[in-house]
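Shown next, in structure tokens, is the structure this report addresses.
Atoms within each ligand, like the ligands themselves, are counted from 1 in listed order. Side-chain atoms are counted along with the backbone in the values below, which use heavy atoms only and exclude waters and symmetry mates. Everything numeric here is computed off the predicted structure, so don't read it as measured data. The chain is numbered in sequence order, starting from 1.
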Amino acid sequence: MNLQKIVVIGAGTMGSGIAQWFTQQMCSVELVDNSQEQLAKALQSIHTSWDKLVEKQKLSSLEVSRMKELLSIKSLDQVSRSANLVIEAIIENLAIKKDLFQKLDQYFEAHTILASNTSSFPIELMAEAVTDDRKPRFLGLHFFNPATIMKLVEVIKGKDSSLELCQELYQWFDAKDKKPAMCKDSPGFIVNRVARNFYGEPLRIVEEDDQAKMKEVDSILKEVGGFKMGPFELMDLIGIDVNYSVTCSVWEAYGQEPRFAPHKLQKQMVDEKRLGRKTKRGFYKYD
Ligand code: NAI
């Protein structure tokens with residue numbers, strides 16, 4: 001499978017990590033965002049991360065200078081129409097994603113694979129935005145945060161996605177030392193379905209904005225449960241807004257099943273723009 005030319009749309013937490021990881025596989029990557037400021041910030045932070053990896057002798061300076069050549073930031077109308085794979089990692093909003101996919105379908109050549117990094121929306125619903133000819137080349141590729149480190153990639157086959165293509169992608173990621181998992185196109189796929197209770201129950205235990213209690217729950221789950229991060233730390237890393245959208249979408253998709261219900265604190269924090277690490281204030285403060 002030839003995945004030499006990659007386009008990543010959305011240069012936030014996930015898009016910048018995905019772009020960095022693909023570049024580290026020596027693919028040529030064009031990163032797009034509708035915010036010029038975000039694009040510049042993402043490029044700067046990827047370069048800084050590579051420079052640190054050189055200092056730590058995890059990458060050579062020769063490799064990093066090649067990677068810096070391979071990664072570019074662009075506006076959508078500047079990217080190569082002949083890309084092999086386009087990964088969408090924009091805001092978790094179905095209408096906005098569908099609108100983008102309709103444009104991408106028109107813009108890219110017929111062979112281009114279109115994939116969404118959605119955390120929760122059915123691939124089948126998003127595929128409605130593309131023409132029938134593209135549908136077999138439309139699927140979900142769900143990376144985890146931070147995408148450069150987390151090995152799991154959920155490969156989600158929508159109703160019309162080509163099984164052969166999903167299998168080829170699975171093998172490609174496997175060969176690149178990711179841990180791909182084939183998933184059914186069901187709400188939250190595997191991890192985000194299981195993880196709902198990892199966030200929901202701790203929120204219900206804490207109930208209110210109580211830092212001491214959050215710290216206690218985080219440290220118990222780390223020390224006793226063996227998790228690398230506690231639920232409040234992880235929600236701050238993911239982004240409270242992103243986590244809240246995913247919670248709402250999985251809850252709705254399962255007919256407002258109470259065990260998936262969002263917590264009032266999540267909505268309150270989104271309204272207050274306390275979005276976690278990215279705004280330096282979430283369940284914890286990051287100064
Ligand atoms: P983010 O809020 O950090 O970044 C989203 C970026 O998309 C922003 O830079 C924004 O300017 C840009 N954007 C919005 N609309 C756009 C458009 N129409 N065209 C181009 N750029 C646009 O969000 P994050 O966390 O990176 O999430 C992106 C996607 O990845 C979402 O679907 C989310 O559910 C999914 N995801 C998030 C994870 C996380 O831990 N944050 C983990 C796995 C998946």
Side-chain angles (χ1 to χ4, degrees), residues 7-21 30-46 73-79 86-105 107 114-123 125-126 129 139-156 178 181 183 187-196 198-199 228-229 231-250 253 266 270 273-280 282:
V7 173
V8 179
I9 308 193
T13 312
M14 289 310 293
S16 59
I18 294 167
Q20 178 173 351
W21 182 79
E30 295 170 305
L31 181 59
V32 175
D33 198 287
N34 59 6
S35 153
Q36 282 306 311
E37 195 191 334
Q38 185 60 33
L39 265 183
K41 207 170 123 190
L43 187 67
Q44 181 60 53
S45 96
I46 296 172
I73 51 174
K74 301 258 172 82
S75 61
L76 187 53
D77 57 2
Q78 293 171 330
V79 300
V86 178
I87 301 179
E88 167 277 313
I90 68 165
I91 184 170
E92 187 77 348
N93 175 302
L94 185 60
I96 299 177
K97 283 190 193 281
K98 283 179 84 168
D99 184 55
L100 175 66
F101 276 120
Q102 194 176 12
K103 291 186 187 125
L104 300 182
D105 185 31
Y107 185 84
L114 299 185
S116 175
N117 183 51
T118 181
S119 300
S120 61
F121 295 129
I123 300 307
L125 269 188
M126 276 181 289
L139 78 158
L141 285 178
H142 185 217
F143 293 78
F144 290 80
N145 187 6
T148 47
I149 294 170
M150 299 296 280
K151 288 192 181 284
L152 180 63
V153 182
E154 291 178 331
V155 178
I156 304 133
K178 282 281 187 202
C183 292
F189 316 120
I190 299 174
V191 172
N192 269 320
R193 179 172 172 179
V194 173
R196 280 315 96 206
F198 184 70
Y199 311 117
K228 282 231 166 80
M229 296 178 91
F232 296 99
E233 292 167 332
L234 188 52
M235 283 187 274
D236 274 358
L237 178 75
I238 290 168
I240 309 301
D241 51 342
V242 174
N243 196 261
Y244 177 62
S245 307
V246 176
T247 308
C248 292
S249 131
V250 172
Q266 291 175 290
V270 172
K273 301 252 177 307
R274 279 170 56 192
L275 305 182
R277 283 174 186 255
K278 61 185 164 188
T279 55
K280 299 203 182 311

The answer for which part of Ile238 has a heavy atom under 4.0 Å from ligand 1 is both

Exercise. If you measure only the distance, is there a donor-acceptor pair under 3.5 Å linking the side chains of Arg274 and Thr279?
Worked result: no

In terms of its nearest heavy atom to atom 30 (O) of ligand 1, the top option of Asn145, Asn117, Ile87 is Asn117

Within the 4.0 Å heavy-atom cut-off, what Phe143 brings close to ligand 1 is backbone

Within 4.0 Å of some non-hydrogen atom of Val242, the atoms of ligand 1 are 25 (O), 33 (C), 34 (O), 37 (C), 41 (N)

For atom 8 (C) of ligand 1, the closest protein heavy atom turns out to be Asp33 OD2, 3.4 Å

Among non-hydrogen protein atoms, atom 26 (O) of ligand 1 lies closest to Met14 N, 2.8 Å

query = Got a sec: does the NZ of Lys74 have more than 12 other heavy atoms crowding it under 6.0 Å?
reply = yes

Candidates Glu154, Glu92, Glu37; heavy atom nearest atom 32 (O) of ligand 1 found on Glu92

Ranked by distance from atom 2 (O) of ligand 1, the top protein heavy atom is Lys278 NZ, 3.5 Å

Taking every heavy atom of Asp33 against every heavy atom of Gln38, the minimum-distance pair comes out as OD2-CG, 3.8 Å

Test side chain to side chain donor-acceptor pair (under 3.5 Å), reference Asp241, set Lys273, Lys278, Gln266, output is Lys278

Nearest non-hydrogen contact to atom 18 (N) of ligand 1 from the set Thr118, Asp241, Asn34 belongs to Asn34

Counting N and O atoms only, with roles assigned by atom type, does the side chain of Tyr199 sit under 3.5 Å from a partner on the main chain of Leu234, one being a donor and the other an acceptor?
no

among protein heavy atoms, the one nearest atom 29 (C) of ligand 1 is Ile90 O, 3.2 Å

Here the atoms of ligand 1 under 4.0 Å from any heavy atom belonging to Gly10 are 7 (O)

**Prompt:** Under the side chain to side chain contact (heavy atoms under 4.5 Å, CB included) criterion, do His142 and Val191 qualify, and how do the steps go?
**Reply:** CA-CA 10 Å; His142 185 217; Val191 172; 5.6 Å; no

The protein heavy atom nearest to atom 4 (O) of ligand 1 is Gly12 CA, 3.3 Å

The atoms of ligand 1 lying under 4.0 Å from a heavy atom of Lys97, numbered in the order shown, are 31 (C), 32 (O)

Looking only at protein heavy atoms, what sits closest to atom 33 (C) of ligand 1 is Ser119 OG, 3.5 Å

